[in-house]
Amino acid sequence: MDNVTIFSHPLIQHKISKLRDKNTGTNEFRSLIEEIAMLMGYEALRDLPLEDVEVETPIETCMTPMIAGKKLAIVPILRAGLGMVNGILALVPSAKVGHIGLYRDEETHEPHEYYCKLPSPIDQRTIVVTDPMLATGGSGVAAVDFIKEHGGRHIKFMSIIAAPEGLKRLHEAHPDIHIYVGHLDRCLNENAYICPGLGDAGDRIFGTK
Ligand code: PRP
Ligand code: URA
């Protein structure tokens, strides 16, 4: 699939296996989510635009590349996407952070929006949407729809674990965005949970339930 990167890096695979373990506690789970987001972000941000700027070294003045243009926007899908933000901020501390609040209805599995705030001007920024789980794809499609309605154009989507159904749905709805997936899992179960997955990412990050 064009515009889809599925990671095979051993560090990412190892950390995802630790996330899956039901005995991994909240503290370690949070750190792992952040570390994986940073490793994935290193690859996802490889096309950030650069411009040469003048810098004085102790030896001489030179022209040297720095990141150009409006600052990166990180847009987590609440709640679980929040867990990935600090990993990307570790790479790009000056990034702006927007928020999209969506929750899945437990019966229909359809996403419902409850909060949205994006950095302005959104149309001139590279936007990285974060959500550890891409299950049916309903939340991912709704978040990208919303960002596009507000003018966002250069969008990347990062999820740590995806189901084939969700990846297909997001890619078909938004073939122009690049989707980064840490691991592609087997399928969804009857409750639209990813198998083998890691359970409820939001609950495991925030220690709820
Ligand atoms: C989870 C997850 C995604 C969504 C994925 O959020 O963090 O946002 O489900 O499912 P989908 O691809 O089928 O839409 P949830 O709705 O449980 O909210 P939470 O993060 O607040 O727990
Ligand atoms: N949301 C989660 O947190 N986990 C899943 O497996 C599916 C949706």
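Small disclaimer: the values here were computed from a predicted structure and weren't measured. Remember, it's 1-based here, ligands and their atoms both numbered in the order they're listed.
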Do side-chain atoms of [X] reach the backbone of [Y] as a donor and acceptor pair under 3.5 angstrom?
X: Arg204; Y: Leu198; answer: yes
X: Arg125; Y: Ala73; answer: no
X: Arg104; Y: His112; answer: no

Check Lys148, His154, Arg153 against Asp176 for a side chain to side chain donor-acceptor pair (under 3.5 Å) and give me the one that passes.
Lys148
Which residue supplies the protein heavy atom nearest to [atom], what is that atom called, and how far is it?
atom: atom 3 (O) of ligand 2; result: Ala201 N, 2.8 Å
atom: atom 13 (O) of ligand 1; result: Thr136 OG1, 2.5 Å
atom: atom 18 (O) of ligand 1; result: Leu102 O, 4.0 Å
atom: atom 6 (O) of ligand 2; result: Ile194 N, 2.8 Å
atom: atom 17 (O) of ligand 1; result: Asp200 OD2, 4.1 Å
atom: atom 14 (O) of ligand 1; result: Ser139 OG, 2.6 Å
atom: atom 5 (C) of ligand 2; result: Tyr193 CD2, 3.4 Å

For ligand 1, is any non-hydrogen atom under 4.0 Å from Ala201's backbone (N, CA, C, O), its side chain (CB onward), both, or neither?
neither
We want to know whether Arg79 and Thr208 form a side-chain donor-acceptor pair, criterion being a heavy-atom distance below 3.5 angstrom.
yes
Option whose closest heavy atom lies nearest to [atom], chosen from [options]:
atom: atom 15 (P) of ligand 1; options: Glu165, His109, Arg104, Arg79; result: Arg104
atom: atom 8 (O) of ligand 1; options: Leu78, Leu82, Asp131; result: Asp131
atom: atom 2 (C) of ligand 2; options: Gly197, Gly199, Gly202; result: Gly199

Please say whether more than 12 non-hydrogen atoms of neighbouring residues, nucleotides or ligands are located less than 6.0 Å from CG in Asp2.
no
Is the number of heavy atoms from other residues, nucleotides or ligands within 6.0 Å of CE (Met66) greater than 12?
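No, because the 6.0 Å sphere around CE of Met66 holds 12 heavy atoms or fewer from other groups.
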Salt bridge (Lys or Arg N to Asp or Glu O under 4.0 Å) between Asp123 and Lys70, intermediate numbers included
CA-CA 10 Å; Asp123 56 314; Lys70 286 277 176 217; over 6 Å; no
Could you list the residues that satisfy ring pair (Phe, Tyr, Trp, His ring centres under 6.0 Å) with Phe206, not counting sequence neighbours?
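In terms of ring pair (Phe, Tyr, Trp, His ring centres under 6.0 Å), with neighbours along the sequence ignored, Phe206 is linked to no residue.
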Check ligand 2 against Ala135 and write out every atom of the ligand that is under 4.0 Å from a heavy-atom position of the residue.
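So the atoms of ligand 2 that pass are 7 (C), 8 (C).
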Would you say the side chain of Cys62 lies within less than 4.5 Å of the side chain of Glu54, judging by non-hydrogen atoms?
no
Do the side chains of Gln124 and Lys71 get nearer than 4.5 Å, heavy atoms only?
no
Ligand 2 contact by Arg104, heavy-atom criterion under 4.0 angstrom:
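Heavy atoms of Arg104 do come under 4.0 Å of ligand 2.
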If you measure from each heavy atom of Ala192 to ligand 2, is any distance below 4.0 Å?
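Yes; Ala192 lies near enough to ligand 2 that a heavy-atom distance drops under 4.0 Å.
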Nearest protein heavy atom to atom 4 (C) of ligand 1: under 4.0 Å?
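Under the 4.0 Å cut-off, atom 4 (C) of ligand 1 does have protein heavy-atom neighbours.
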Check for me whether the distance between the ring centres of His178 and Tyr180 falls short of 6.0 Å.
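Yes, ring centres under 6.0 Å apart.
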Less than 4.0 Å is my threshold; does some heavy atom of Met133 fall inside it relative to ligand 1?
yes
Less than 4.0 Å is my threshold; does some heavy atom of Gly137 fall inside it relative to ligand 1?
yes
Short N/O distance, under 3.5 Å, between Tyr103 and ligand 1?
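Checking ligand 1 against Tyr103, no N or O pair falls under 3.5 Å apart.
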Examine Pro132 against ligand 1 and note whether any of their N/O atoms are separated by less than 3.5 Å.
no
